[in-house]
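As structure tokens, the structure follows; a few thoughts come after it.
Reminder, nothing fancy here: chain letters follow the sequence lines and each chain counts from 1. Hydrogens, waters and symmetry mates play no part in the numbers below; they use all other heavy atoms, side chains included.
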Amino acid sequence: MRPPRFHSFHKTVYEVVSQVPCGRVTTYGAVAAILGSPRLAHAVGFALHALPPDTDVPWHRVINSRGRISFRGDDIRGMEQERRLLEEGIEFGPDGSVDLRRFGWMVGLGKER
DNA sequence: ATAATGACTGAAT
DNA sequence: AATTCAGCCATTA
């Protein structure tokens with residue numbers, strides 16, 4: 001399942017993302033923070049980008065800190081993610097943003113913006 | 001080993 | 001409020 005060989009970082013990212021419960025979303029920064037470095041946000045994004053189509057990782061539950069889907073330029077993937085989240089019970093705001101305080105998993109970690 | 005990229009983030013303009 | 005700039009770090013070329 002998982003691609004032939006992935007480096008440890010990707011694996012760690014997948015582990016964390018896989019732990020996101022249904023109906024919840026997390027952010028790249030949160031995942032990176034859990035990994036130990038809040039600056040690895042972009043690296044996390046890279047890991048998910050390398051994610052294969054047959055992965056078991058709920059990559060669709062990972063969004064940016066704004067509670068917004070990032071690659072909405074890539075219509076197909078972006079719309080699919082949005083659709084999946086809606087199906088899981090995630091509610092999008094008027095501008096398509098998700099309330100991370102409500103659906104965010106381990107986001108803010110006790111701190112809010 | 002060096003350079004470029006990226007599904008990010010926060011601060012600055 | 002929206003857009004731009006710069007920083008951070010792992011992966012890929």
Side-chain angles (χ1 to χ4, degrees):
Chain A
M1 256 353 162
R2 109 178 50 115
R5 47 268 169 202
F6 261 148
H7 305 287
S8 54
F9 192 82
H10 281 188
K11 190 177 169 199
T12 312
V13 173
Y14 302 152
E15 283 287 310
V16 176
V17 177
S18 300
Q19 285 160 55
V20 179
C22 180
R24 284 281 170 15
V25 287
T26 187
T27 68
Y28 302 94
V31 175
I34 294 167
L35 295 183
S37 301
R39 316 290 168 157
L40 296 182
H42 223 186
V44 173
F46 218 75
L48 293 177
H49 180 235
L51 210 48
D54 57 314
T55 184
D56 302 320
V57 180
W59 55 271
H60 54 268
R61 291 180 191 148
V62 184
I63 55 186
N64 62 12
S65 57
R66 287 296 191 167
R68 274 282 245 164
I69 298 175
S70 309
F71 44 84
R72 67 168 119 126
D74 286 313
D75 315 330
I76 301 180
R77 284 186 184 159
M79 295 227 280
E80 175 149 347
Q81 173 170 15
E82 183 182 316
R83 198 191 82 220
R84 282 189 178 226
L85 291 176
L86 286 169
E87 228 175 286
E88 299 219 342
I90 308 295
E91 294 179 33
F92 283 74
D95 58 343
S97 59
V98 180
D99 188 345
L100 291 176
R101 294 183 307 174
R102 209 159 131 62
F103 303 103
W105 174 76
M106 242 183 177
V107 177
L109 297 172
K111 211 155 55 160
E112 52 186 286
R113 304 173 72 53

Whole-Å distance between [N] [atom2] and [X] [atom1]?
| X | N | atom1 | atom2 | result |
| --- | --- | --- | --- | --- |
| A/D95 | C/dA2 | CG | P | 9 Å |
| A/Y28 | C/dG7 | OH | P | 23 Å |
| A/L100 | B/dC8 | CG | C1' | 14 Å |
| A/H49 | B/dA4 | NE2 | P | 20 Å |
| A/Y14 | B/dA7 | OH | P | 13 Å |
| A/R66 | B/dT9 | CZ | P | 10 Å |
| A/L85 | B/dA7 | CG | P | 18 Å |
| A/L48 | B/dA7 | CG | C1' | 7 Å |

Side-chain heavy atoms of [X] within contact of [Y], under 4.5 Å:
| X | Y | value |
| --- | --- | --- |
| A/L35 | A/V44 | yes |
| A/L85 | A/F103 | no |
| A/P21 | A/R61 | no |

message: With a 4.0 Å cutoff (strictly under), does any side-chain N or O of A/S65 reach OP1 or OP2 of B/dC8?
response: no
- prompt: Within less than 4.0 Å of OP1 or OP2 of B/dC8, is there a side-chain N or O belonging to A/T27?
  reply: no
What protein N or O atoms touch nucleotides 11-13 of chain B N or O atoms at under 3.5 angstrom, if any, and at what distances?
none

- prompt: In residues 37-45 of chain A, what residues come within less than 4.0 Å of DNA chain B, judged by heavy atoms?
  reply: A/A41, A/H42, A/A43, A/G45
message: Between A/E80 and A/R84 (salt bridge meaning N to carboxylate O under 4.0 Å), is one present in this structure?
response: yes
task: Could you tell me whether a side-chain N or O of A/R68 sits under 3.5 Å from a main-chain N or O of A/D95, the two making a donor and an acceptor?
output: yes
- prompt: Is a side-chain N or O of A/Y14 found less than 3.5 angstrom from the main chain of A/D56, in a donor-acceptor match?
  reply: no
query: Step by step, would you call A/T26 with A/V17 a side chain to side chain contact (heavy atoms under 4.5 Å, CB included)?
result: CA-CA 8 Å; A/T26 187; A/V17 177; 5.5 Å; no
query: The side chain of A/N64 lies closest to which of these nucleotides: B/dT5, B/dT9, B/dA7?
result: B/dT9
task: Test A/I63 against A/L100 for side chain to side chain contact (heavy atoms under 4.5 Å, CB included), laying out the working first.
output: CA-CA 10 Å; A/I63 55 186; A/L100 291 176; 3.9 Å; yes
query: Shared ILVMFWY cluster between A/V57 and A/V62, side chains joined below 4.5 angstrom?
result: yes
